[in-house]
Each structure stands twice: as structure tokens, then as C-alpha cells.
Novice: 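For reference, the structure I am asking about is given below.
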4 protein chains.
Amino acid sequence: MHSTAKLRGIYTPNIVPLDGRGEIHERELRRYVDWLIAKGVHGLYPNGSTGEFTRFTADERVRIMEIICDQVQGRVPVLAGAAEANVKETLRACEKYYELGAAAVAIVAPYYYKLSPRAVYAYFKEIADNTPIDVTLYNIPMFASPIDVPTVKRLAEECPKVVGIKDSSGDIPNMIRLIQAVRPTRPDFSFLTGWDAALMPMLLVGCDGGTNASSGVVPELLVKLYDLTMAERLDEARALQYEIVTLFDAMIYTAEFPDGFRTAVRLRGFETGAGRQPLSDDQQVELAKLANKLQCLLAEHGVTDEPSCGCPAPNGSDEIAKIVEAVVAELKQRGVR
Amino acid sequence: MHSTAKLRGIYTPNIVPLDGRGEIHERELRRYVDWLIAKGVHGLYPNGSTGEFTRFTADERVRIMEIICDQVQGRVPVLAGAAEANVKETLRACEKYYELGAAAVAIVAPYYYKLSPRAVYAYFKEIADNTPIDVTLYNIPMFASPIDVPTVKRLAEECPKVVGIKDSSGDIPNMIRLIQAVRPTRPDFSFLTGWDAALMPMLLVGCDGGTNASSGVVPELLVKLYDLTMAERLDEARALQYEIVTLFDAMIYTAEFPDGFRTAVRLRGFETGAGRQPLSDDQQVELAKLANKLQCLLAEHGVTDEPSCGCPAPNGSDEIAKIVEAVVAELKQRGVR
Amino acid sequence: MHSTAKLRGIYTPNIVPLDGRGEIHERELRRYVDWLIAKGVHGLYPNGSTGEFTRFTADERVRIMEIICDQVQGRVPVLAGAAEANVKETLRACEKYYELGAAAVAIVAPYYYKLSPRAVYAYFKEIADNTPIDVTLYNIPMFASPIDVPTVKRLAEECPKVVGIKDSSGDIPNMIRLIQAVRPTRPDFSFLTGWDAALMPMLLVGCDGGTNASSGVVPELLVKLYDLTMAERLDEARALQYEIVTLFDAMIYTAEFPDGFRTAVRLRGFETGAGRQPLSDDQQVELAKLANKLQCLLAEHGVTDEPSCGCPAPNGSDEIAKIVEAVVAELKQRGVR
Amino acid sequence: MHSTAKLRGIYTPNIVPLDGRGEIHERELRRYVDWLIAKGVHGLYPNGSTGEFTRFTADERVRIMEIICDQVQGRVPVLAGAAEANVKETLRACEKYYELGAAAVAIVAPYYYKLSPRAVYAYFKEIADNTPIDVTLYNIPMFASPIDVPTVKRLAEECPKVVGIKDSSGDIPNMIRLIQAVRPTRPDFSFLTGWDAALMPMLLVGCDGGTNASSGVVPELLVKLYDLTMAERLDEARALQYEIVTLFDAMIYTAEFPDGFRTAVRLRGFETGAGRQPLSDDQQVELAKLANKLQCLLAEHGVTDEPSCGCPAPNGSDEIAKIVEAVVAELKQRGVR
């Protein structure tokens with residue numbers, strides 16, 4: 001069934017558990033989906049950046065969607081990442097996901113080549129005019145061609161099938177400009193933020209929800225942050241947002257993305273396996289150390305036990321803070337954040 | 001008198017009115033200062049980026065401070081921009097501004113050369129160890145060497161004279177990291193945002209105030225936004241923040257900074273004169289057109305009359321929106337925003 | 001047969017002609033390959049960025065290689081673009097292209113995600129340790145994770161299968177550093193530049209050749225520039241390099257890459273078809289205009305007739321120059337060039 | 001006397017020796033000037049970026065010029081850095097330097113604020129229309145607003161007083177575009193490169209010379225590289241260019257610019273003193289270590305003795321190479337290079 005309800009709340013861009021041979025670990029993926037739903041997330045978002053869609057083959061991406069839709073059984077809406085090599089292939093995926101019962105697809109702007117706004121428009125226009133399923137634009141300028149405000153506005157005005165935008169830039173003034181440009185004529189349009197470190201202020205300036213990688217690790221906390229913020233319990237929301245910045249930073253900046261999230265999901269009890277991007281020997285050692293520190297952070301929130309070797313006292317996150325700062329500084333300078 | 005009160009509220013980084021020969025227009029500057037105070041701003045911030053400190057000579061910067069301190073007469077605190085050619089000259093300015101009664105100085109990180117965090121640290125450390133006046137760090141990575149979180153933390157821990165940071169990046173997660181790193185050990189430390197388009201969410205995540213160029217144009221609105229936000233009247237605050245984004249964008253993106261602000265202050269009744277940076281013929285024509293559009297925007301807020309030629313209906317800001325979007329897009333790609 | 005000769009000279013990163021339905025136009029591709037070889041290029045490089053490898057499916061990429069290897073019949077070496085979704089798929093492609101008789105593969109660093117140098121190293125190391133075919137590293141920092149000098153040096157030292165680098169940055173001091181770091185221990189290692197606008201100076205500082213998109217349009221000119229430069233006929237080489245900058249700029253900056261090259265190849269007599277990336281209506285109009293101007297530029301070199309509507313006098317390239325400058329300025333500011 | 005000769009050859013952007021109190025060390029500056037002229041540099045370029053013009057007061061910049069012009073006594077042309085706080089102050093400096101006998105001034109585009117091309121044009125136009133002395137545009141996009149090709153072309157066409165450009169971008173295709181745009185109508189216009197690591201290829205594509213910081217350390221080598229390249233002795237020139245890349249990298253990337261050059265000039269026998277930008281304790285230790293390594297590099301060229309503690313064997317520059325690579329990688333990602 002294809003709901004026409006507006007997309008809102010917390011969608012989990014789920015990682016895909018892999019088995020020892022690097023193949024999709026179907027049983028764990030099903031178990032993970034059940035757990036996420038039980039923990040209260042409002043929807044799932046497979047084949048996103050956290051889901052490493054570029055590292056799977058086209059057939060595998062379809063298989064992941066089949067498993068998830070079959071397991072979800074309509075309990076929550078599924079927003080399906082559907083970007084493929086070209087418009088024709090993308091449309092084929094849209095049709096398939098429509099048949100599988102996805103609520104909508106999310107399509108990242110073309111990447112590798114850096115396209116101009118006009119070409120980005122033409123790309124989404126051709127898709128939106130020919131797809132049976134609702135489309136969410138996926139703006140992630142650190143990885144793909146940016147989708148600017150006039151392009152979103154034009155697509156929203158011309159294409160009823162375009163029903164929302166997922167923005168991972170974390171840029172709040174830009175989100176305000178987007179909402180100003182689109183909401184008056186398209187009150188049904190959804191604005192979702194993909195930047196966990198800005199979820200609370202994004203909701204407060206008018207966003208409808210988030211597609212947040214952290215919700216794959218601590219779904220209970222992201223849902224709680226959403227609820228506290230929507231209820232305008234600001235002091236509690238602020239305190240929780242601060243803690244989520246710490247967790248998010250630790251997962252996103254201390255390893256090759258999204259290995260930090262993959263590692264953290266393992267700490268919640270799932271056999272996530274190793275990611276498909278090879279790591280150097282020292283990176284593997286570091287990832288093991290990170291797991292220990294993440295476990296301490298999660299233990300502080302009561303969602304895991306402390307590691308058997310124990311955790312440092314109060315300021316235990318200081319070392320992570322240092323790593324994070326170094327990486328953030330570097331990325332900022334790279335223009336990646 | 002040198003208050004030890006924490007810096008909070010809205011500080012106006014004032015432009016400097018110039019006369020027909022491009023010299024400091026003292027009478028108008030005095031009148032402008034009185035007007036700003038009457039409109040309720042909590043403090044003044046001369047010789048900042050909006051004040052075009054780099055386009056005045058060292059002697060002129062002192063003269064601007066003398067005029068302002070003399071006119072303010074202690075009615076509101078003055079945060080004095082004090083960056084000079086080198087540490088020795090900067091310290092000399094600090095001493096002078098201390099004698100003039102400034103509440104604190106704000107010092108931008110070294111610019112032109114792009115310094116590493118260690119050199120930025122060494123620069124501020126040497127100043128903080130030798131100055132009689134409290135120092136606010138001024139982080140404006142689009143123009144100067146960035147001051148990163150560990151540097152701020154280290155300076156806050158080692159230097160009691162460093163009492164705050166003014167951050168013009170508009171990056172909310174970074175502000176959260178700054179507050180997390182510093183507030184526990186320095187509850188007196190001030191966090192001010194210089195990015196008007198993010199003022200409401202910045203306050204909601206814990207900032208103490210803002211140094212906002214828009215407050216030099218519509219002081220009543222910025223003070224109102226501050227008050228509404230601090231009172232947690234979120235719907236009203238959000239609506240006003242949206243309007244300020246429109247105004248701010250129109251002033252910051254449609255002309256060479258800070259000519260849009262200079263032009264808008266003129267519309268409030270001050271002889272601001274032309275800026276010191278020469279403009280091409282077509283830029284001058286555009287600036288005149290901008291004035292008309294700004295006047296319409298200001299008239300919508302009831303702070304000016306409509307221009308004699310009238311204003312377009314409701315969607316009158318659409319043309320500005322287009323210009324703004326084009327410029328924002330370009331700047332984003334330049335990495336300037 | 002897998003030659004062990006060092007890669008040198010001009011390799012053409014060929015576009016793929018498409019038919020009216022957007023499918024590979026096999027007959028034209030074969031005809032184009034014959035033409036390129038007849039015009040003297042030293043090798044072919046299918047499935048590169050100019051070849052739009054990301055816009056074809058995995059099966060299509062293999063099909064393109066099959067057609068080309070079958071048509072080339074060993075007359076020139078084929079350097080095969082072999083980047084796939086992950087290491088396993090990439091290795092599968094390497095094996096296939098080895099069987100097809102490719103001289104070597106070229107593998108772009110992982111893209112979409114921005115990887116650290118250590119992960120880039122680990123990626124190539126795992127490929128190089130398991131592939132039957134020689135590997136050329138493909139550094140194109142404007143589109144993919146950069147491959148820095150220490151990473152190239154380490155791979156060159158540890159992996160005999162890594163036999164060269166194709167660098168599309170156009171950064172000459174960086175090329176000098178690469179050669180300094182690698183050539184002493186690996187005299188067999190090839191250094192190829194993918195930036196046509198710097199071919200002559202790149203050869204003069206020590207490069208072995210180039211993989212230049214312009215050679216798909218004016219192979220005779222690129223081969224001539226290579227020959228003149230290697231013969232140290234500097235005045236003639238310089239004059240030709242200048243003309244190639246004009247041509248290259250016109251093709252690379254006035255349309256979405258690589259549509260300018262696709263259009264220009266059509267002017268040489270091949271049914272190239274429309275590219276797979278949709279264009280807006282105005283972009284299509286502009287592309288038609290560009291074709292006219294490109295034809296004039298090519299006519300100046302005697303490789304096409306003038307368009308039926310004639311060409312402007314001497315300074316006919318002025319309009320293109322303006323467009324190019326605007327785009328170059330924008331791209332520079334984006335950090336893309 | 002104001003020569004009308006075209007600017008060509010190697011100009012040294014000299015550092016300014018400082019005494020123990022951080023003041024201009026006039027005696028050493030005079031001795032240094034004599035030494036540079038004796039070593040064969042074709043001109044001097046005080047108050048450039050290497051000369052740390054931003055760290056001196058306006059009065060000090062004039063004093064530096066007075067000392068240098070007095071010491072040079074017309075033996076070589078002096079190109080005077082003349083950028084001041086605004087057009088009026090810059091014109092005042094131009095007049096002063098004209099009286100002092102400078103051959104021309106070099107004026108960097110406005111910095112701190114990032115200006116659009118139109119404002120950059122307006123700035124130089126106003127200066128060029130009102131100055132008595134020839135003006136060289138100084139393009140250094142890593143530090144100041146960029147001066148793009150159409151702006152240079154327009155200024156060259158409209159302003160006879162604009163006689164050249166010093167470009168520190170190291171971007172060779174851009175230099176080709178500049179020469180193509182300007183030389184046909186202004187054969188007298190000079191094109192100088194400020195990027196030492198690209199001097200040989202810049203000359204080979206048509207530049208007239210360089211303003212190279214390395215020439216303040218090893219003037220004999222830069223002059224030799226210029227001579228070898230102009231004589232088309234390519235193998236010798238290439239080998240020397242490679243060595244200069246190593247030296248240049250060591251001086252520019254292993255310390256805060258221009259401390260590496262200041263340190264190296266000391267090794268040539270001048271009391272250069274410490275720079276005015278404070279360094280952290282560990283930076284000071286590193287600078288001392290760098291001095292040792294630089295001395296070994298210089299000793300390899302026979303221009304200094306080895307340090308008393310000796311130098312490592314052949315591959316002694318490996319450690320520097322590693323530091324350099326790390327920094328270059330970081331800067332590239334910052335978009336600074």
C-alpha cells in the first residue's frame with residue numbers, strides 16, 4: 001500500500017550486515033530491522049550513504065530492498081535509496097521498489113561528475129515525470145552534486161511526485177531558505193535532515209524529521225530527542241542533543257564512514273561483519289580500539305554493558321574528543337564539512 | 001569602569017558613516033550610536049568586519065573607538081575590535097581601548113597568511129598574557145585563519161583574560177562542541193554568534209548572544225528575536241528568524257560586503273556615505289536598485305516608508321531571492337560559506 | 001598478448017557512441033576506434049571519465065571492452081578502466097580484461113565517499129596483490145579520493161603490478177614530486193597526465209605521455225604536440241599547446257563534461273548520439289550553439305569544414321573565451337580545478 | 001630614474017631581517033641587499049608576502065623601501081609592494097615609492113574580504129588611473145581575492161600603467177590563458193610567476209621571469225635555473241628544477257610561512273632574527289630541527305657547510321619529504337594549494 005502521508009519522524013538509514021564472505025547477511029538484516037522497529041523508529045531508509053549503496057551491485061541493492069520490505073510487512077514506511085547508473089536504470093529501480101511497497105524513493109543527485117544546477121534539475125525532472133513512486137530529493141553536497149534552493153523550488157512546483165528533500169548538509173540557514181521557498185505552495189512537502197548533530201535545531205526551525213545514521217545505533221535516543229524537541233521540552237532536548245553530538249562525532253569521524261556505525265551496531269548485538277572497503281593494518285587496530293571507546297559511550301547511556309576491561313572515569317570521552325577534533329578540523333579545511 | 005559581567009545579548013558590529021571625502025563622519029557616527037542604544041541593543045562592537053577595520057588606518061581605528069566610547073558614556077558595554085598588524089601593535093591597541101573604557105576587545109585570528117592551530121594558539125596566548133583587558137576570540141574562517149575547538153579549549157583553560165568567543169561560521173554543531181569543551185570549566189565564558197541567519201537556533205543550543213550586522217539596520221527586530229527566543233516563544237521566534245534570514249541574505253549577498261548593510265543603515269535615516277572599496281559602474285547601479293528593494297523589505301516591517309516609486313505586491317522579495325540564491329550557491333562552492 | 005613495455009605516448013580516453021535509444025552504438029564505436037588508430041594515437045583508454053564509466057552498467061562496461069579489444073586486434077595497447085562497486089567486482093573486471101588482452105587496467109581511487117590516504121592505499125594494495133594484470137593508478141582529485149605522493153610511493157615499492165599513474169590534476173609540482181619519489185626505485189613506472197592543458201610542460205618535466213580527452217577529437221594534433229615536445233622543438237610545441245588549451249577549454253568548460261567532447265567527435269564524422277545525462281532545454285540549445293563554434297575552431301585547424309553558416313573572423317573564439325573564463329572562475333572557486 | 005624596460009628575470013621577494021627587539025635590522029638588510037645583487041638576481045621585490053608586509057606598520061613599510069632603494073642605488077630595478085588599507089593610502093604609497101625610484105609597484109588584490117571580479121577591477125582601475133608609477137597586479141588566490149583572466153585583460157587594455165602580473169598560483173594552464181588574452185595587444189606586458197616549484201615550465205610556456213622566495217636563499221641557483229631554461233638546456237634545467245622543488249617544499253611547507261625562508265637566509269650568513277608571528281614551544285623546537293635539515297640540503301649544493309653534527313647519507317631529505325607530503329596533502333585538501 002502506498003500511503004500518501006507526509007514523511008515525518010526518524011528514519012533509519014540502515015547499514016547492511018555482512019557475513020564472513022562479505023555477502024549480505026540476510027538473517028541478521030531481518031533481525032536488525034525487527035529490532036529497529038521495536039525500538040520505535042518511524043521508518044527505514046535502505047540503500048542510503050550509511051547503507052553503502054555504491055559498494056553493492058545493482059542486483060544486491062534490489063535484494064536488500066526485497067529482504068527489508070518482506071521483513072517490515074508494512075509496519076513502518078520504507079524510503080528506498082534508488083540511485084542507479086543512469087536515469088533508465090534508476091527508473092527501473094523505482095518501479096521495482098514501488099512494487100515492493102516502498103513509501104517513496106530517495107534519489108541522490110548525480111555524483112562523480114559535478115553537475116550544474118540545470119543538469120541536476122533535468123535529471124530529477126526526467127525521473128519525476130516517469131516514475132510511479134513518490135520521490136525524495138537527496139542533497140549531500142559533501143559527496144554528490146549539490147541540489148540548490150531554486151532547483152528544489154522548481155522541482156516542487158513542477159513535479160507532484162517530488163514530495164520531500166533529505167538534506168545532509170547540516171546547514172540550518174539553507175534549510176530555512178528551502179522551507180521558505182517551498183512550503184507556501186507545497187505544504188505536503190517533507191524536509192528531513194540527515195545531519196544528526198543538528199537534529200534538534202533543525203526540528204526547531206521547521207523540519208519534519210531526520211534520516212539519521214545514529215538512529216541505527218541508538219534508536220531509542222534519536223526517537224526520544226525527536227519527541228522531546230517536538231514537545232518543546234527544550235532543556236532536556238538540548239542536553240540529549242549534546243550527547244548525541246558526542247556519539248555521532250565518535251562514529252562518523254574516527255573511522256572511514258560508515259565503519260564507525262557498523263562497529264557500533266555490532267555493540268548493540270548484531271553480527272555486522274567487516275565493511276567492504278579494505279582497511280590498512282593500522283586502521284583495523286584503530287577500529288578495534290574505537291569499539292572499546294564506543295562501548296563505554298553506549299554504556300553511559302545504559303544501552304550496552306561496559307567492556308570487560310572497564311571504562312575510564314567521567315572524562316573518558318576526552319581521547320575521542322581529541323581524535324574527533326583533529327578529523328573535523330581536517331575535513332572542514334577540505335571543505336567536506 | 002570595566003565590568004566583569006558576562007557578555008550576553010545583541011551586540012551591534014556598527015558600520016562607520018563616511019563623509020563626502022571618505023573620512024569618518026563623526027556627527028553621524030555619534031547620532032547612529034545614540035539611535036542604536038535607544039533601540040535597545042545590548043552593546044556595541046566597533047572595528048569588526050562590518051566596521052571594515054581593514055580599510056581604516058591604525059590611527060582611524062583608534063579615533064573610531066574614541067568617538068564611540070565618548071558617545072556611549074557607559075550606557076552599554078563596548079566590545080572593541082583590536083586586531084593590528086602584529087602582537088605588539090595589537091597590545092598597544094588593547095591598552096588604549098582599556099583606558100577608553102571598553103568592556104573587552106575582540107581579536108580576529110591572523111589573516112592573509114593561513115596559520116596552523118598551533119600558531120593561532122601562540123598568537124592569542126601572547127596577547128592574553130600581556131593585555132590589561134578581557135579578550136574575546138573572533139573566529140571567522142571565511143576571512144581569517146580558523147580557531148578550532150581544541151585551541152579555544154586550551155586558551156580558555158590557560159588564560160583567564162580570554163572570556164569568550166565570537167563565531168561567525170554559522171556552524172551549529174561546532175558551537176555545540178565549543179560549549180561542551182569550555183563551559184564545564186569556564187561557566188563565565190561567553191559564546192556569541194556572528195551569523196544572523198542562525199541566531200535563534202544558536203541561542204536554543206546554548207549561545208549567550210550575537211554580534212549581528214543586521215542589528216545595525218533593524219536593532220528592534222534583532223533584540224525582539226533575542227527576547228522571544230530566550231522566552232521560548234518558539235513559534236513567534238521562528239517566524240521572525242525566517243524574516244531576518246530574508247533581510248540578512250538581501251544585505252549580505254547582493255552587494256560587496258558590507259555595502260548592503262551600509263546602504264540599509266542609510267534607509268534608517270543616517271548619512272552613511274559610500275564605502276571605501278571602489279565599485280564598478282554596474283555595481284553602483286545595482287547598489288541603487290538594491291536600496292529600493294531593501295526599502296520595500298524594511299517597509300514591510302514598518303521601520304521605513306515605502307520608496308516613492310512604490311513596492312511590488314506580496315512576492316516582492318522574489319527577485320532578491322533569486323539574486324541571493326545565485327550568490328549563495330557560488331559562495332558555497334567557493335567554500336566561503 | 002600482455003606486453004611489458006612501459007606505457008608512453010598519447011592514450012585516447014574514448015567516448016562511447018550511443019544510438020537513438022541511448023544504447024552502445026557498436027558499429028560507430030568500431031569505426032571510431034579504427035579512425036583513432038589511423039590517426040596515430042598510441043593507445044586507447046576505454047571506461048575512463050571521458051568514457052562515462054559511471055553511467056553504464058557493469059555489463060555494459062564489459063561489453064565496451066569486448067568491442068574495443070576485438071576491434072583493436074592488438075594494433076595498439078588498451079588501458080582498461082576497471083573500477084567497479086567494490087574490490088571483488090573490480091578484481092573480476094581485471095580478470096576479464098586480462099583475458100581480453102588489455103595491456104593494463106586503470107583504476108580510479110574510490111569515489112562518492114572521501115577516503116583517507118590509508119584507505120586508498122589499502123584499496124589498491126588488495127587489488128594489486130590479487131590481480132593478474134598490471135595496474136595504473138588513476139588520480140582525479142576533482143572527482144574521487146586523492147591518491148597522494150606517499151601512497152603512490154608505497155604502492156610502487158610494494159606492488160610490482162602497479163606500473164604507473166594517470167594524474168588528472170594538472171598540478172606540475174605534484175607531478176615532479178611523484179616522479180622524484182618513485183622513478184629512482186621504479187624506472188619502469190609510467191607517469192601520464194590527464195590534463196590536456198598542461199601536456200607540453202608535463203612532458204618537459206618528465207612525464208611519459210598523456211591520456212587526453214582532446215585526442216579523441218583531434219588525435220593528429222595531440223600526437224603532433226607529443227612529437228614536437230619530445231623532439232624539443234619548443235617554439236612549435238608551445239604554439240600548438242596554446243591552441244590546444246583553447247580547444248580543450250571550449251570542450252571541457254562550455255557543457256556538462258563530457259558532452260563537449262561528445263559533440264566535437266560528432267563533428268569529426270561519427271554518430272555519437274546524445275549523452276545519458278539529461279540536459280535542460282536551455283542546455284540543449286547551448287550545446288547546439290557550442291557545436292557551431294567548435295566546428296569553427298576545428299576548421300581553423302583544417303580538420304573540419306566551416307559550418308554552412310560560416311564562421312566569424314579572426315577573433316571568433318572570443319565568445320568562447322568569455323564563457324570559458326566565467327566557468328573556469330567558478331570552478332576554481334568551487335575548488336574543482 | 002624610471003626605466004620603461006619590461007620586467008624580466010628573477011626578482012627576490014626579500015625577507016626583512018629583524019633585531020632582538022623585533023625591529024627592522026637596517027644594517028643586515030643593507031648587507032643582504034648587497035649580497036643578493038652580487039649573487040646576480042635581476043631585481044628586488046620588498047614588501048611582498050615573503051616580506052611579511054601585513055606584519056609591519058604603514059610607516060615601517062615605507063622605511064623598508066627607503067633603506068632598500070638607498071642601498072640598491074639603481075643597480076637593479078626595485079618592484080615595490082604597495083598595498084595599503086585602502087585606495088587613498090595605496091596611492092600615497094605609490095607616490096612615495098615613485099619618488100624613491102622604484103621601477104614599478106606590485107599591488108595585491110584586496111584581501112580579508114573576498115571581492116568579486118568586478119570589485120577587483122574597480123580597485124585596480126582607480127589605482128591605475130591615479131598613480132604616477134607602473135603597476136604590476138599581484139595574484140595570490142591562496143591569500144587574497146583572485147584576479148581572473150578577463151579582469152587582467154580588461155585592465156591591460158584600459159590602463160597603460162598596468163604593465164604586468166605576478167601570479168603565485170602555480171597554475172600553468174591559467175598562465176597560458178593570461179598570456180593568450182593579453183600579449184597580442186600588450187607585448188610589453190610582463191608575466192612573472194611567484195611559484196618557485198613551477199619556474200622552469202612557466203618560463204617554457206612563455207613567462208618572462210619569476211618573483212621567487214627561494215631566490216632570497218639560493219639566488220645563484222634560481223638565476224642559474226632561469227639561464228638554463230632560457231637557453232633551452234632542458235636536461236640541466238629539469239634536474240635543477242627538481243632540486244629546487246625539494247628546497248622550496250622544505251622551506252615553504254615545514255614551518256609557518258615565511259619562517260622557513262627566514263631560517264634559511266640565516267644559514268647563508270645573515271642575522272635574520274625571529275619572525276613577528278609568535279610560535280608555540282613545539283613549533284620553535286621544530287624550526288630548530290628544520291634549520292639543521294635545511295643546512296644539509298644547502299650543503300649538498302655547496303652553498304653552506306654541513307652542520308657540525310653532520311648530515312645523514314644520500315637519502316637525508318627523506319624525513320623532510322615525509323613532512324612536506326603531509327603538509328602538502330593537508331593544504332591541497334584545504335584548497336590552499
Side-chain angles (χ1 to χ4, degrees), chain B residues 21-23 49 52-61 83-89 108 110-127 129 140 142-146 154 255-259 275-284 286 327 330-331 334-336, chain D residues 21-23 49 52-61 83-89 108 110-127 129 140 142-146 154 255-259 275-284 286 327 330-331 334-336:
Chain B
R21 290 164 304 127
E23 304 295 328
S49 298
E52 293 177 276
F53 72 103
T54 64
R55 290 170 181 158
F56 290 93
T57 64
D59 287 345
E60 287 176 322
R61 283 188 288 268
E84 296 292 334
N86 53 56
V87 167
K88 198 170 69 179
E89 300 296 324
V108 70
Y111 53 93
Y112 191 73
Y113 304 103
K114 301 288 173 286
L115 296 185
S116 73
R118 294 187 302 176
V120 169
Y121 161 80
Y123 176 78
F124 283 114
K125 174 80 165 117
E126 186 160 331
I127 291 169
D129 283 353
I140 183 162
M142 69 183 118
F143 292 160
S145 304
R154 191 174 171 194
E256 301 291 332
F257 180 79
D259 282 344
R276 288 185 166 186
Q277 163 62 37
L279 299 179
S280 65
D281 291 348
D282 47 352
Q283 284 185 308
Q284 291 181 37
E286 287 172 20
V327 179
E330 193 189 322
L331 292 179
R334 287 190 210 180
V336 170
Chain D
R21 290 164 304 124
E23 304 295 328
S49 299
E52 291 176 276
F53 71 104
T54 64
R55 290 171 181 157
F56 290 92
T57 65
D59 287 345
E60 286 176 323
R61 284 189 287 268
E84 296 293 334
N86 53 57
V87 167
K88 197 170 69 177
E89 299 297 324
V108 70
Y111 53 92
Y112 191 71
Y113 305 102
K114 301 289 173 285
L115 297 185
S116 73
R118 294 187 301 174
V120 169
Y121 161 80
Y123 175 79
F124 282 115
K125 175 79 166 117
E126 185 160 332
I127 292 170
D129 284 354
I140 184 163
M142 69 183 117
F143 291 160
S145 304
R154 189 173 173 194
E256 301 292 331
F257 180 79
D259 282 344
R276 285 184 167 186
Q277 162 61 37
L279 300 179
S280 65
D281 290 349
D282 47 351
Q283 285 185 307
Q284 292 182 36
E286 287 171 22
V327 179
E330 194 190 320
L331 292 179
R334 285 190 213 181
V336 171

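Every chain is numbered from 1, with letters handed out A, B, ... down the list of sequences.
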Novice: Does B:Arg55 form a side chain to side chain contact (heavy atoms under 4.5 Å, CB included) with D:Tyr113? I'd like the steps, not just the answer.
Specialist: CA-CA 10 Å; B:Arg55 290 170 181 158; D:Tyr113 305 102; 3.4 Å; yes
Novice: Heavy atoms only: give me the nearest D:Met142-B:Lys114 pair and the separation to one decimal.
Specialist: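 Here D:Met142 and B:Lys114 meet closest at O-NZ, 3.7 Å.
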Novice: Which answer fits D:Phe53, side chain, backbone, both or neither, if we ask what part of it has an atom under 4.5 Å from a heavy atom of chain B?
Specialist: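 Contact with chain B: backbone and side chain both.
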Novice: Examine whether an atom of D:Glu84 lies under 4.5 Å from a heavy atom of chain B, and if so say whether it belongs to the side chain, the backbone or both; otherwise answer neither.
Specialist: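 Contact with chain B is absent: no heavy atom of D:Glu84 under 4.5 Å.
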Novice: For B:Glu23, is there an ion pair with D:Lys88 - N to carboxylate O distance below 4.0 angstrom?
Specialist: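 A salt bridge links D:Lys88 with B:Glu23.
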Novice: Which bit of B:Gln284 is near chain D, if near means a heavy-atom gap under 4.5 Å: side chain, backbone, both or neither?
Specialist: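 For B:Gln284, neither part sits under 4.5 Å from chain D.
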Novice: Find out whether B:Leu115 and D:Glu256 are in side-chain contact, i.e. whether some heavy atom of one side chain is under 4.5 Å from a heavy atom of the other.
Specialist: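 Side chain of B:Leu115 against side chain of D:Glu256, heavy atoms only: contact under 4.5 Å found.
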Novice: I need the minimum non-hydrogen distance between D:Tyr123 and B:Gln277, along with the two atoms involved.
Specialist: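 Nearest heavy atoms, D:Tyr123 then B:Gln277: CB-NE2, 3.7 Å.
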Novice: Would you call B:Pro278 and D:Lys125 a side-chain contact if the rule is heavy atoms closer than 4.5 Å?
Specialist: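 No, every pair of side-chain atoms sits at 4.5 Å or beyond.
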Novice: Under a 4.5 Å cut-off applied to non-hydrogen side-chain atoms, are D:Tyr112 and B:Tyr112 in contact?
Specialist: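 In short, these two side chains do not touch, never coming nearer than 4.5 Å.
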Novice: To the nearest 0.5 Å, tell me how far D:Glu60 CD sits from B:Glu89 CD.
Specialist: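 So the CD of D:Glu60 and the CD of B:Glu89 are separated by 6.5 Å.
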Novice: Given the options B:Ala58, B:Pro110, B:Ala122, which has more heavy-atom pairs under 4.5 Å with chain D than any of the others?
Specialist: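 That would be B:Ala122.
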Novice: Using heavy-atom distances under 4.5 Å, tell me whether D:Glu126 contacts chain B through its side chain, its backbone, both, or neither.
Specialist: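 Just its side chain gets close to chain B.
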Novice: In terms of heavy-atom proximity below 4.5 Å to chain D, should B:Asp281 be classed as side chain, backbone, both, or neither?
Specialist: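 For B:Asp281, neither part sits under 4.5 Å from chain D.
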Novice: Select one option (side chain, backbone, both, neither) describing which atoms of D:Ala119 are under 4.5 Å from chain B's heavy atoms.
Specialist: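 Backbone plus side chain of D:Ala119, per the 4.5 Å heavy-atom cut-off to chain B.
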Novice: So how far is it from D:Ser280 OG to B:Arg154 CZ, rounded to the nearest 0.5 Å?
Specialist: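 Reported value, rounded in 0.5 Å steps: 7.0 Å.
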Novice: Between D:Val108, D:Thr57, D:Asn86, D:Ile140, who has the most heavy-atom pairs with chain B when the cutoff is under 4.5 Å?
Specialist: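 Counting heavy-atom pairs under 4.5 Å, the top option is D:Asn86.
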